[in-house]
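Working notes for the structure below.
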There are 2 protein chains.
Amino acid sequence: MKFIKNFEISIKLSPMKRKITLKQIARELDVSISTVSKALSNSKEISEDTTKKIQAFAKLYNYKPNNIALSLKNRKTKTIGILIPEIVHHFFSTVIRGIELIANRRGYNVIVGLSNESFTKEIINMEMLANGSIDGFILSISKETLLKQDYHHFNATINQGMPIVMFDRVVNEVDCDKVIVDDFNGAVKAVKKLIDNDCNHIGLITTMDYVSVGRLRTQGYVEALETSGIDANSDLILKIDDSLDVENHLEILENEIAQFFKTNKEIDGVFAVNELYAVTAMKVARKLGLSIPDDIQVIGFTDGVLSKHATPSLTTVSQHGQKIGEQAANLLIDRLEASDAESDQYFTNDERKTDFIKVVIETEIIERESTK
Amino acid sequence: MKFIKNFEISIKLSPMKRKITLKQIARELDVSISTVSKALSNSKEISEDTTKKIQAFAKLYNYKPNNIALSLKNRKTKTIGILIPEIVHHFFSTVIRGIELIANRRGYNVIVGLSNESFTKEIINMEMLANGSIDGFILSISKETLLKQDYHHFNATINQGMPIVMFDRVVNEVDCDKVIVDDFNGAVKAVKKLIDNDCNHIGLITTMDYVSVGRLRTQGYVEALETSGIDANSDLILKIDDSLDVENHLEILENEIAQFFKTNKEIDGVFAVNELYAVTAMKVARKLGLSIPDDIQVIGFTDGVLSKHATPSLTTVSQHGQKIGEQAANLLIDRLEASDAESDQYFTNDERKTDFIKVVIETEIIERESTK
DNA sequence: ATTCGTAACGAAAACGTTTTCGTGTTAACA
DNA sequence: TGTTAACACGAAAACGTTTTCGTTACGAAT
């Protein structure tokens, strides 16, 4: 077999085999590029002899089509972009796992960007990826963006023909498919459970209202109380300012909660909008000499490692992060493959605002030792 | 301004603006593609007038070069592939955060694949990404691969000219840059601390030996004892079979540890090779009526959420996952940019086996409440 | 002997860039 | 007036594919 020069040289000098291309195969076998391409896709245009020869050669040199070239030609990359605020976070990484599972199964790759809760990083990341690198986005909005209420970058991306699926932290101002947790009803369920367990003074530990999930869970708390004929006492609601990340200001959190307990000694149940608040509440309660669940029962939101392995283990509202990721991925890929089946059908429809889907994932209460 | 047909149509029917290309700009402005390209890169070949006009038009239509086309032309994608066993895992997600930080800073994207501890998925993922989608890999080997000791896919990838950086779970059989934790010395430090704290009978809770990090930490445990004149008693070593994932078989773990404590009542210190084992040991000890740290002191490995928020909080050996990720990313990108500076210099060097770097990240003991 | 059909293949365009190498025009210079 | 140099721009190749549309040759049918 003869080789083109460069190829031969590189073989001699090292065991390195650069990826072989159609052009190289064509030269070696003295046929045209088109013939090689057709033979490898088993086109019946090519004779059986030639096909066999080409396929054997390709296999020998482990030919695999170049993805980038394919992407350019097909104008689709078969990869989806994930843009989330934070990755060292049980919920978000669980969602990624769900996305990756479905994506892989359906032949897609995932590329992740982290906004780090920053508006600017969110925009930069989107622009970096929106220029051909991906076919669509799955994202959860950063806190800063939620505060600013500036969503132009999402709409701009959508207007460029790139579909977006939002999950968890979503917003009405953007028209796209959404996958959300039933935060409201999850909270209702949790608080009802506390009520059923004979708690009479249920405290709420929540975040500031601009994070929609915090707001919804707070509303659920109020709702559950009211339908049970209890009126929500604002003294029993503790709002934590999480603009600074709490992980590194644990003492502040502990002090606030301790103060909360001390000034509201009647509290016999606590609902916290996340795992950390719940676990910290348990810790603080114990330091104050209260026993769980006898003196205070606690339920958290988000079923992560902490809930499972805390002592006592924590009763939580599970969000099914993986399901969320799977749904989001399926939604996005469905949209992608529908739009290239009949490319204009979808986009020329003037009423497309109404066509978007909002999937609500039901929550589930996982009972553990922090409730009776 | 006149428009080419397709573009005009799409504008009329919807507010959607498909990404504009050089070719379209060229047609609108009645110049050639090359002129547009040059004008946008401020080439002095182009007159000031033309340049201004083109740049204004490009800005108006928000032109951004297509990444895929650039990748094809430059034969590099500016994205790096991460391949890890699991993402819902504090350590691994921390590493990703470190990688993403550096990658972003240096103009790279990251695409993640999950092997899910499976040999086959590892290979499939690698092949999927190695065909042009990425410029290099950062990876940690799956358990199944470690068991099989089959590393041909790594070497094959390297031989195709794609650099790999391995972290944490690495292996001598593959020649590449590596970033590892100083597992051995971390374990030594931890056990020495227990000895200094007057523990006389230190138990070890570890994994099976095929996971190198488990093996190294075990060796560190033995080493620390021996240099202190204590001989390691194999009764005090509990090896957990984690071939099935432990998260879902918590009771098995608890029972084994309970049995371990009951048959070795003299234990007054425990070193566990991960967070979960350590926290579970604390939980079991308490159930047995032992108090921490008075009766038993505990140190774990891996500083995650559990350690920080357990009660009592856990003294651990921190691995600095983010540092590991940052180092790995820098190593990989350095290698990538060096190799395209002088493309053959590096690869034609026959002694390149010796050129690879192994970075060891020092561990650090974080003292909390589980030790005196 | 001419037409036709078909089998087997090649040329070329297209995807969106960048870059090298022309080429034509104009002004300056001898 | 003829030569040259600078200027401003365009054509085309290249990256690696797929696919459409030829084109050739040859046997069969008229």
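Here is how names work: the chains are called A, B, and so on, in the same order as the sequence lines, proteins then strands, and each is numbered from 1. Keep in mind it's a predicted model, so treat the numbers as computed, not measured.
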Counting only side-chain N and O atoms of B:S47, is one of them less than 4.0 Å from OP1 or OP2 of D:dC9?
-> yes
If you look at every strand shown and take non-hydrogen atoms under 4.0 Å, does A:S34 touch a base, only sugar-phosphate, or nothing?
-> base
What does A:T50 touch in the nucleic acid at a heavy-atom separation under 4.0 angstrom: a base, only the sugar-phosphate, or nothing?
-> sugar-phosphate
B:I158 vs B:C176, side-chain contact (heavy atoms from CB on, under 4.5 Å): CA-CA, chis, key distance, verdict | CA-CA 8 Å; B:I158 292 172; B:C176 63; 4.1 Å; yes
Counting side-chain heavy atoms from C-beta on, which of C:dG10, C:dC15, C:dA8 comes nearest to A:K73?
-> C:dC15
Atom-to-atom span, CD of A:E48 to P of C:dC9 - whole angstrom | 12 Å
Which nucleotide in D:dT18, D:dG10, C:dG16 has an atom nearest any side-chain atom of A:I33 = D:dT18
Among C:dT17, D:dG10, C:dC9, the one nearest any side-chain atom of B:P65 is C:dT17
Rounded to the Å, how far apart are B:I46 CD1 and D:dA11 P?
-> 13 Å
Looking only at side chains, do A:E122 and A:T145 share a donor and an acceptor under 3.5 Å apart?
-> yes
For atom NZ of A:K76 and atom P of C:dG16, their distance in whole Å = 14 Å
Between C:dG10 (P) and A:I54 (CD1): distance, integer Å | 8 Å
B:T35 or A:S37: which one's nearest nucleotide on DNA chain D is closer to the 5' end?
-> B:T35
Roughly, in whole Å, what's the span from NZ in B:K38 to P in D:dA11?
-> 11 Å
From CG of B:L22 across to P of C:dT18 the rounded distance in Å is 6 Å
Under-4.0 Å salt bridge between B:D30 and B:K53 | no
Return the 5'-most residue of the pair B:S32, B:N74 with respect to DNA chain D, ranking by each residue's nearest nucleotide.
-> B:S32
What is the nucleic acid contact for B:T21, judged by heavy atoms within less than 4.0 Å: base, sugar-phosphate only, or nothing?
-> sugar-phosphate
May I ask you to evaluate whether A:R75 reaches the phosphate of C:dA14, defined as a side-chain N or O under 4.0 Å from OP1 or OP2?
-> no
For residues A:N66 and A:K19, is any side-chain donor paired with an opposing acceptor at under 3.5 Å?
-> no
Rounded distance (Å) that lies between atom C1' of D:dT19 and atom CD of A:E45 | 9 Å
Using a strict cut-off of less than 4.0 Å between a Lys/Arg side-chain nitrogen and an Asp/Glu carboxylate oxygen, indicate whether B:D135 and B:K78 qualify as a salt bridge.
-> no
Interatomic distance where CG belongs to A:N42 and C1' belongs to D:dT18 [whole Å] = 15 Å
